[in-house]
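Accompanying notes for the structure given below.
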Amino acid sequence: MTDLLSSLNEYQKQAVTTDNSAVLVLAGAGSGKTRVLIHRIAWCCQQGVMPHQFLALTFTNKAAAEMKVRIENLLPGFASNIWIGTFHGIAYRLLKMHWKQANLSQNFQIIDTDDQTQLIKRLVKEAKLSDDTDAKSIQWQINHYKDEGLRADYIESGFQDDPNVLLIYKRYEQLCQRSGLVDFAELLLRSLELFRQNPDLVAHYQDRFQHILVDEFQDTNSIQYAWIKLITGNNLFIVGDDDQSIYSWRGAKIENLTTFQSDFPQHEIIRLEQNYRSTNTILSAANAVIKFNQQRLGKDLWCEGAEGDLITVFKAMNEKDEAIYTIKEIKKLCSHGVSNRDIAILYRSNALSRNFEELLVSNGIAYRIYGGLRFFERAEIKDVLAYLKLIHNSDDDSSYIRIVNKPTRGIGQKAQSVVHELANEQSISLWEASVKVCEQGLLKAKAKSSLVNFIQLINDFKAMTESDSFSNLTNSIIEKTGLQAMHEKEHSEKAIMRIENIKEFLVAVKQFDSEHQQTDAVVEDFLSKVSLDAGVNGETSEQDSVNLMTLHSAKGLEFSYVFICGLEQGLFPHINSIMDNQLEEERRLFYVGMTRAKEKLHLTHACSRQRFGGRPTLQKASQFIEEIPSQYVISEKSHQQHFARTQYYEQKPKYKSIKSASAFELGQRVLHKKFGEGIILDHEGEGDRARVQVHFDAEGSKWLAVAYAKLETL
DNA sequence: GAAGGGTGTCTTTTT
DNA sequence: GACACCCTTC
């Protein structure tokens, strides 16, 4: 037992061994919170608690997987019996086990955000609402309601709200129920309702789970909190950091941290403030910044480490200059023996990755972009999945719509609308309606035979699930439906990628197949796995690459060298957040970014930036830079030589305006008769139409036609 | 039913 | 600038 505790500091030890039945561990960035969680489980095990008496909840599959591995290392053989999973994963598990009490069909399916959008779009269209009704915004509102635990019926009787939203919400609920579909918010809401309506179940699980542990508690939403509160019968151990709450926009309630304190009056709070990650400089700077937030539980990180380097703030002329600087610094680091994988470029929005990508490629630096489209979200994969889903559950309207005419098989708009009408009329699924439409001869001969063939195709596949393996089934789908041929016909680069993705998908299927038996059950397991764990975006190759990602996805990670770019007012903090009064959350996001760095932090911003392909606009430095006390910062400015067309940046052809504009380099100082001295920020066009953007010291920024402006170089 | 043109949008993201 | 979406046209 002493072994188990010997690697912990005093506060970690206190958290791990406490007897209190309600514990809140306020764990700062890099203070070893996962360590505390797994040691807590191990310690309780040593006190005689059985593995099945734990429930450990995380937000991401990655976090759950890491916990499993680390527990397995600490207590070989125990991890497999502990319920460790994401909230959604555990909710799914419960709903599958108690599907009847949850009022679901046994073969219900999970739909992702994209499927949900498509369904709602269809409902909006069919409801023939006024044209200013935006499906995406309705979707957002529906999910928001669900996150708060509000059903359409309840809202209808209690609230004055947009009637359109309520109408669609109601129809959407009916459609999902009829089709056996459950969206992500529904997983949580349904399982909460399952408990609320079945006190015997609650009693059972309360008794079973002697210890409930929750990671990243600051990210829980209302439903998740209510759910936790309901099934906690014995010990609740939560770990969180209010300063790292960055998901309020998707329903996370930072207040849950204080609600917990009043709901569990016997609670104990333990603060982990010793940081084992960053240098003192980085920590002090981060502490100083986060102090600008009013709403905090309060916490001050410290470390025993060295002071470390100052934080470099680089002021670039424009986004290209910013990228040039960053890549140059990365090259410098690499030449000093730093590995690519220890370096990260973080940004507020995905669009900013582009400038860096180009330069990384042209400089031959391996890089990896996190985020973006996940493997199972790719259209070609979703097509195959839709066939599998429809075979597994014919009432799945979402999948039906996706593939009924893909590849095209003569079931066009006309035929589909006949099916849809009948389905709506009789409140049956599209699949059932299709069968009826054929039987009742509601279609012309040609369309009818197409539809009959489609039904036959799916029925043949259904028969296969009885006799054949899952991978054979999937193989046939790809061949017999013509999906493969559809992509092969198109010889574009994208189509080749798609075929490769499908092949990769088949490999995954085979792998899964070999680990399981009975086809029908395998399909179900596979589909749920795919929905709940969309997988990283394809490439699993463990290359030594520089990491590019948004600040959001960087949470929970650490890197020796971190570059945070685009630190400009309107970009970070983002304009929408400024307007929505969400500045504190933006500041927390910045805090998360800063505390990712172990050795050295670089912050960059550009004076001018081209966004949305439009005109470059002048950018003001982010207020967050100002908030860092100056003793931790060293400022650098762009030097003109950065703009020389060096190896660092290969000009795109369109910037090689041959005649006029080429006389001016970006960043060059010029003189104008009327406006005085200024500096060139950007240029566009060629020949007579060439224009340059000049930022005049006295007059501000202007676009001038080179042919008329008579600029002199200085 | 496919292909081409015009239009509007453009935070963050896991499940 | 890029992508998704809608409409028109063949």
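Residue numbering restarts at 1 for every chain, and letters A, B, ... go by the order of the sequence lines.
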Is the side chain of A:T326 donor-acceptor paired with the backbone N or O of A:E322 at a distance under 3.5 Å, no angle test? yes

Between P of B:dT13 and NE2 of A:H88, the distance in whole Å: 17 Å

In whole angstroms, how far is the C1' atom of B:dT13 from the CZ atom of A:F87? 17 Å

A:Y172 and side chain to side chain contact (heavy atoms under 4.5 Å, CB included): which partner among A:L181, A:I138, A:I142? A:I142

Among A:F624, A:Y347, A:F292, ring pair (Phe, Tyr, Trp, His ring centres under 6.0 Å) partner for A:F590: A:F624

Could you tell me the separation between the CG atom of A:L583 and the P atom of B:dT12, rounded to a whole number of Å? 18 Å

How long is the gap from NZ on A:K446 to CD1 on A:I411, to the nearest 0.5 Å? 12.5 Å

Take A:L551 and A:R409, find for each the nucleotide of DNA chain B with the closest heavy atom, and name the residue whose nucleotide sits nearer the 5' end. A:R409

Taking the side chain of A:H552 as heavy atoms from C-beta outward, which of C:dA2, B:dT13, B:dT15 is closest to it? B:dT13

Base, sugar-phosphate, or nothing: which does A:I578 touch, judged by heavy atoms less than 4.0 Å apart? nothing

Closer to the 5' end of DNA chain B via nearest nucleotide, is it A:Y247 or A:G412? A:G412

Answer syn or anti for B:dT12, where the cut-off is 90° from 0 on the glycosidic torsion. anti

Report the distance from atom NZ of A:K406 to atom P of B:dG1, rounded to the nearest whole Å. 14 Å

Parallel, tilted or perpendicular: which fits the ring planes of A:H602 and A:F563, with parallel below 30° and perpendicular above 60°? parallel

Please state how far atom CD1 in A:I223 lies from atom P in B:dT15, giving the value in whole angstrom units. 19 Å

Excluding sequence neighbours, so at least two apart, what forms ring-ring contact (aromatic ring centres under 6.0 Å, His included) with A:F108? A:Y92

Restricting to nitrogen or oxygen on both sides, can you table the protein-nucleotides 5-7 of chain C pairs closer than 3.5 Å?
unit_1, atom_1, unit_2, atom_2, d
C:dC5, OP1, A:K121, NZ, 2.8

Any protein N or O atoms within reach of nucleotides 2-11 of chain B? Criterion: under 3.5 Å, listing atom names and distances.
unit_1, atom_1, unit_2, atom_2, d
B:dA2, OP1, A:T408, OG1, 2.9
B:dT11, O4', A:H574, NE2, 3.4

If you go through the side-chain atoms of A:T113, does one of them form a donor-acceptor pair with the base of B:dT15 closer than 3.5 Å? yes

Salt bridge (charged side-chain N to carboxylate O under 4.0 Å, His left out) partners of A:E488, counting only residues at least two apart: none

Residues forming a salt bridge (charged side-chain N to carboxylate O under 4.0 Å, His left out) with A:E216, sequence neighbours excluded: A:K33, A:K555

Would you kindly give the OH-to-P distance between A:Y347 and B:dT12, to the nearest whole Å? 10 Å

A:W83: ring-ring contact (aromatic ring centres under 6.0 Å, His included) partners, not counting sequence neighbours: A:F209

Atom CD of A:E377 and atom C1' of B:dT15 are separated, to the nearest Å, by 10 Å

Side-chain atoms of A:R354 come closest, of B:dT15, B:dT13, C:dA2, to C:dA2

note: A:D147, atom CG; B:dT15, atom P; distance rounded to Å ~ 15 Å

Which of parallel (below 30°), tilted (30 to 60°) and perpendicular (above 60°) describes A:Y247 and A:H552? tilted

